[in-house]
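Below is one structure, written out as structure tokens, with a few remarks after it.
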2 protein chains.
Amino acid sequence: MTTSTKERILNVAERLFAKQGFPSTSLRDITTEASVNLASVNYHFGSKEALLGALLDRRFRPMNELRLKFLDTLESDAAETGKRIDVNDVVRAFLAPPFEQQTQGQLSRTFLRLVGRIHAETNEQHRATFEGLFQDVRVRFTIALQNALPHLSERVVRQRMLFLMGSMAFAMAGSVTPTNDAAPKDDILEPLIQFATGGMSAREEKP
Amino acid sequence: MTTSTKERILNVAERLFAKQGFPSTSLRDITTEASVNLASVNYHFGSKEALLGALLDRRFRPMNELRLKFLDTLESDAAETGKRIDVNDVVRAFLAPPFEQQTQGQLSRTFLRLVGRIHAETNEQHRATFEGLFQDVRVRFTIALQNALPHLSERVVRQRMLFLMGSMAFAMAGSVTPTNDAAPKDDILEPLIQFATGGMSAREEKP
DNA sequence: GTCTATATGCGGATAGAC
DNA sequence: GTCTATCCGCATATAGAC
């Protein structure tokens with residue numbers, strides 16, 4: 001169970017960024033809690049910003065790859081059976097992967113909070129970094145949702161996709177506090193999927 | 001059109017907090033842009049934290065009072081006619097007031113972003129301040145939604161209320177970018193109401 | 001790779017003249 | 001009420017010994 005300095009920094013930074021936000025977390029907070037030297041952050045990562053970038057890359061990349069893999073499966077299944085893809089399944093393919101990330105069972109909650117934080121972040125530079133990792137996913141899922149909801153206008157599908165991400169981010173950022181921490185998948189993911197599917201499927205009324 | 005120093009500080013602070021977030025906005029940013037002296041913030045408000053408090057009080061209080069007024073009207077109408085309140089109407093009573101706040105037409109977008117920020121904020125102290133201003137609204141609307149959706153469990157209604165707030169916060173924080181800034185009410189509010197109503201009304205599936 | 005020490009700047013807050 | 005000047009702490013980042 002030897003964790004390198006680099007990994008210890010990443011793990012602690014992840015937790016503190018999730019808890020306090022990026023600007024309010026100092027390198028001193030991180031290095032003190034990780035029991036590593038202050039200068040080691042700049043040695044290993046170059047800067048605080050680069051540390052965040054490394055962090056996002058470590059987690060968001062596999063998460064988004066999993067999303068796309070789920071969607072691939074849905075689409076090839078649909079191609080075989082000739083049936084239209086179900087909205088509920090697309091929503092699930094998008095929302096489930098963040099909840100699969102729980103490597104040790106302990107990281108899950110922390111990571112969910114970080115996802116929420118990053119989505120809610122308005123800093124231009126962070127948004128750009130994040131968008132680079134997220135673009136493929138957004139485009140592919142928007143198309144899939146348009147196919148699953150052909151009666152809706154493109155514009156509304158795109159917009160509802162963002163509403164969906166808002167529910168997700170907020171749920172993950174910690175505002176949704178289930179009575180027990182045991183099963184975030186059952187306590188948060190399933191209700192979230194139901195809500196989001198209902199929202200995506202709502203009738204479009206144009207006044 | 002004489003604006004006092006105090007008002008100028010409030011207006012600029014509102015815009016900058018909305019744009020950059022609270023921790024990343026310095027008093028120097030604010031006073032420079034407002035063309036007032038640095039020391040005036042502490043003279044008029046006491047501290048940066050207190051400035052935020054004053055800001056929230058100025059905007060959130062009337063906004064939340066409007067929400068409750070709308071809900072009062074809905075409930076007294078329902079009592080007269082004997083009909084159950086419609087979910088869509090409750091959702092509208094909750095979501096519309098932030099969009100009514102546009103004093104000059106120019107403040108609206110800024111204020112919506114701030115609302116989103118504050119909701120997404122995880123800082124303990126800010127959450128406490130905010131919750132004090134918001135508690136009544138949350139309780140009253142949760143009860144109204146439970147009455148409008150009697151087939152749902154209390155737990156799920158409470159949880160969906162938070163998902164709804166997530167969509168709202170995210171939409172307001174600026175991630176939803178309509179092609180034109182002209183009519184946020186039509187471009188954001190109406191689609192948001194449709195999405196949120198659909199989500200709140202979704203069937204509750206217990207596996 | 002890891003440490004100490006330090007450079008350099010920005011942050012909130014305040015003292016005290018006007 | 002408004003200004004200048006300043007205190008003082010903490011921030012990121014780096015230089016250079018080990």
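The structure displayed is predicted, hence computed values, not measured ones.
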Using a 4.5 Å cut-off on heavy atoms from C-beta on, say whether the side chain of [Y] contacts that of [X].
X        : Y        : result
A:Asp72  : A:Arg140 : yes
A:Gln194 : B:Phe163 : no
A:Phe94  : A:Met165 : yes
B:Leu51  : B:Leu10  : yes
B:Asn42  : B:Leu27  : yes
B:Arg160 : B:Leu152 : yes

Checklist entry - When you list every nucleotide of DNA chain C with an atom under 4.0 Å from a heavy atom of chain B, which one comes first 5' to 3', and which comes last? => result C:dG11 to C:dT14
Next on the checklist: Looking only at side-chain N and O atoms, does A:Arg8 offer a donor or acceptor that is under 3.5 Å from a partner on A:Asn11?
Outcome noted: no
Checklist entry - So what does A:Thr31 touch, heavy atoms closer than 4.0 Å: a base, only the sugar-phosphate, or nothing? => result nothing
Next on the checklist: Within the 4.0 Å heavy-atom criterion, would you say B:Ser4 contacts the bases, only the backbone, or no part of the nucleic acid?
Outcome noted: nothing
Next on the checklist: Show every salt bridge (charged side-chain N to carboxylate O under 4.0 Å, His left out) that has at least one partner inside residues 48-57 of chain B, sequence neighbours left out.
Outcome noted: B:Asp57-B:Arg61
Checklist entry - In whole angstroms, how far is the P atom of D:dT12 from the CG atom of A:Asn42? => result 9 Å
Checklist entry - Expressed in angstrom and rounded to an integer, what is the separation of A:Glu49 atom CD from D:dT12 atom C1'? => result 11 Å
Please enumerate all protein N or O atoms sitting under 3.5 Å from an N or O of nucleotides 4-10 of chain D, with distances to 0.1 Å.
residue: D:dT4; atom: OP2; partner: B:Asn37; partner atom: ND2; Å: 3.3

